[in-house]
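In listed order, ligands and their atoms are each counted from 1.
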Amino acid sequence: MIDSMFTPLLLICLVCALCDARRNHLLSQKHGKLGEPFGHVLLTLPPDQWFDQKLDHFNVEDTRIWKQRFFVNSTWFKHGGPVFLMIGGEGEASPEWMVQGAWLHYAQHYNALAVQVEHRFYGKSRPLPDLSLSSLQYLSSEQALADLAHFITFMSTEYQLPPHTKWIAFGGSYPGSLAAWLRYKYPHLVHGAMSASGPLRAVLDFAEYFKVVTDALATVSPKCVTAVAEATSVISEMLTSTSDAEYLTQQFRLCKSLDISNSKDVASFVESLADNFARVVQYNMPGSLGVTIDTLCEIMMDETEEPVERYASVNDLILRDSDEPCLAYVYEEMVLDLRNESWESEMANGGRQWIYQTCAEFGFYPTSDQSRHIFGQEFPLEFFTDMCRDIYGPKFSRELLISNINRTNTNYGALELEVTRVVFVQGSIDPWHALGIYQTRSDQAPAIYINGTSHCANMYPPSPDDLPDLVKARHRINYLIGKWLKADYHHDSHDNN
Ligand SMILES: *[C@@H]1O[C@H](CO)[C@@H](O)[C@H](O)[C@H]1NC(C)=O
Ligand SMILES: *[C@@H]1O[C@H](CO)[C@@H](O)[C@H](O)[C@H]1NC(C)=O
Ligand SMILES: *[C@@H]1O[C@H](CO)[C@@H](O)[C@H](O)[C@H]1NC(C)=O
Ligand SMILES: *[C@@H]1O[C@H](CO)[C@@H](O)[C@H](O)[C@H]1NC(C)=O
């Protein structure tokens, strides 16, 4: 259910959710289907490895430790070579990353040791026995960065890496932000970073999200945008009548009858329909049914049906693509699931933890508050801020959220982040670029803005269908890494590019 309601909240770069038979709702449904980059070649995945990590890096009296998971691919490593660190994010770390992805081409080129560390509280990296609030207080980006710093010192000893071994961090989406922040916070440990699709600015009301989704539809045709606006405006009117609500229940295959007196359910329903478009735009890659932005717009522009019927056809298609019998949207059920503190709960696959991080650090709520929003006005900011309170308790007031977000931006500098040897990579149709750096402001930390790609596109293995801008971006990243690895610390400030 979280999948249908909160996809825009989940930034995950789905490198190979498909190749991976593990059942993981958050990762595998709807957009996790990337096709098979290596055809049907079966690659042996590296085994899990574990090391002792501190629970609390910011309390000297707390000596508790836990086992953090990591993976290694040393196939191309030559002694004295660099180490490439793939940063895990808001879901289980996939060992698929260890055998494919653009970063491994760079690793091969530069004889790097390739390692990936799973983020604390996700996947199998479980610092504490449950996900209660008292456990989740140790889930934060700051603790995660300190984990990585500690990991680097651990590996240096474990692999007897020579002093001054150069570490390059890689990450996409939330880990894209972490990669840049890691270089910022621990410059003596991390030599450079490739930060893909990173939302660097925390913001409570991320109304721009749906603006970028709308812009992406407009690139197909302005008629597509108009048709969506027409459909949602008719739906808004229907939401005032009980008999029309019955029609909506049928038409949109709702798992339960829509009760229009329940404003949370109405918000969640309208948000789920907007999300049908958002997920396709965010991961603009054909799923099992080959659904792309073009497919959605083709349906929306088919004038043989009424706009609401076309909007319902899009919903049908997305439900089929994700093998779901009906649209789950009931707010109370979702909140109850997300309150579950057990690692056995389905929401422990990332939903409970990531929504906690949005309430405690980032916000990022894709609201309908923007003027000229085409997906219906029914899911304003309060819908999301109330959700924090409903899931994690009354302390999570709107005031607390605002101060949490300010704290994050003060801590990392938001878009004023000052770093060197970081390349920021963003895609023009990825809604998340709106919170990241996509224009070069300093030669020391260039931005690459890829025309026509979406979330984390540059991290996937190269494919013959790649847009020319994407191909160029991967080459430029390779070039920059080479430059950094050669860089003499004292001279590289004169070196532009
Ligand atoms: C490292 O990745 C390459 C490329 O996919 C793969 O051929 C190799 O088997 C991997 N090595 C290990 C130890 O997993
Ligand atoms: C949490 O989820 C687990 C696994 O689905 C379930 O067994 C347990 O009853 C749930 N706990 C609560 C309090 O709902
Ligand atoms: C948060 O930051 C905004 C803008 O920087 C400021 O207007 C607001 O007063 C701050 N709020 C709190 C609670 O610190
Ligand atoms: C982006 O690509 C499209 C076609 O793919 C082209 O029409 C457009 O001019 C390009 N925009 C920029 C800024 O290069």
Visitor: What do we get for Val99 next to ligand 1 when only non-hydrogen atoms under 4.0 Å count, side chain, backbone, both or neither?
Guide: both

Visitor: Measure the CD-CG distance between Glu332 and Asp265 for me, rounded to the nearest 0.5 Å.
Guide: 8.5 Å

Visitor: Using the benzene-type ring in the case of Trp, are the ring centres of Tyr331 and Phe383 under 6.0 Å apart?
Guide: yes

Visitor: Charged N to carboxylate O under 4.0 angstrom, Glu92 versus Arg69?
Guide: yes

Visitor: Looking only at the side chains, is there a donor atom on one of Ser156 and Thr153 sitting less than 3.5 Å from an acceptor on the other?
Guide: no

Visitor: Would you please test Tyr174 and Phe364 for ring pair (Phe, Tyr, Trp, His ring centres under 6.0 Å) and show each step?
Guide: CA-CA 11 Å; Tyr174 162 52; Phe364 295 153; 8.4 Å; no

Visitor: Backbone or side chain, does any N or O of Asn73 fall under 3.5 Å from an N or O of ligand 1?
Guide: yes

Visitor: Can you name the atoms of ligand 4, numbered from 1 with element, that are less than 4.0 Å from a heavy atom of Asn451?
Guide: 1 (C), 2 (O), 3 (C), 8 (C), 10 (C), 11 (N), 12 (C), 14 (O)

Visitor: Which of the numbered atoms in ligand 1 are under 4.0 angstrom from any heavy atom belonging to Trp76?
Guide: 2 (O), 3 (C), 4 (C)

Visitor: Taking only residues at least two apart or on different chains, which pairs with a member in residues 462-471 satisfy side chain to side chain donor-acceptor pair (under 3.5 Å)?
Guide: Asp466-Arg474

Visitor: Using a 4.0 angstrom limit on heavy atoms, which residues are close to ligand 2?
Guide: Asn340, Glu344, Ser345

Visitor: Got a sec, which residues hit side chain to side chain contact (heavy atoms under 4.5 Å, CB included) with Glu361, two or more places apart in sequence or on another chain?
Guide: Ser140, Ser141, Gln357, Thr408

Visitor: Would you confirm whether Lys166, through its side chain, and Leu485, through its main-chain N or O, come within 3.5 Å as a donor-acceptor pair?
Guide: yes

Visitor: Not counting sequence neighbours, which residues clear side chain to side chain contact (heavy atoms under 4.5 Å, CB included) with Leu415? List them please.
Guide: Leu200, Arg201, Ile437, Arg441

Visitor: For ligand 1, find out whether one of its N or O atoms is nearer than 3.5 Å to an N or O atom of Thr75.
Guide: yes

Visitor: Give the numbers and elements of all ligand 1 atoms closer than 4.0 Å to a heavy atom of Met98.
Guide: 1 (C), 2 (O)

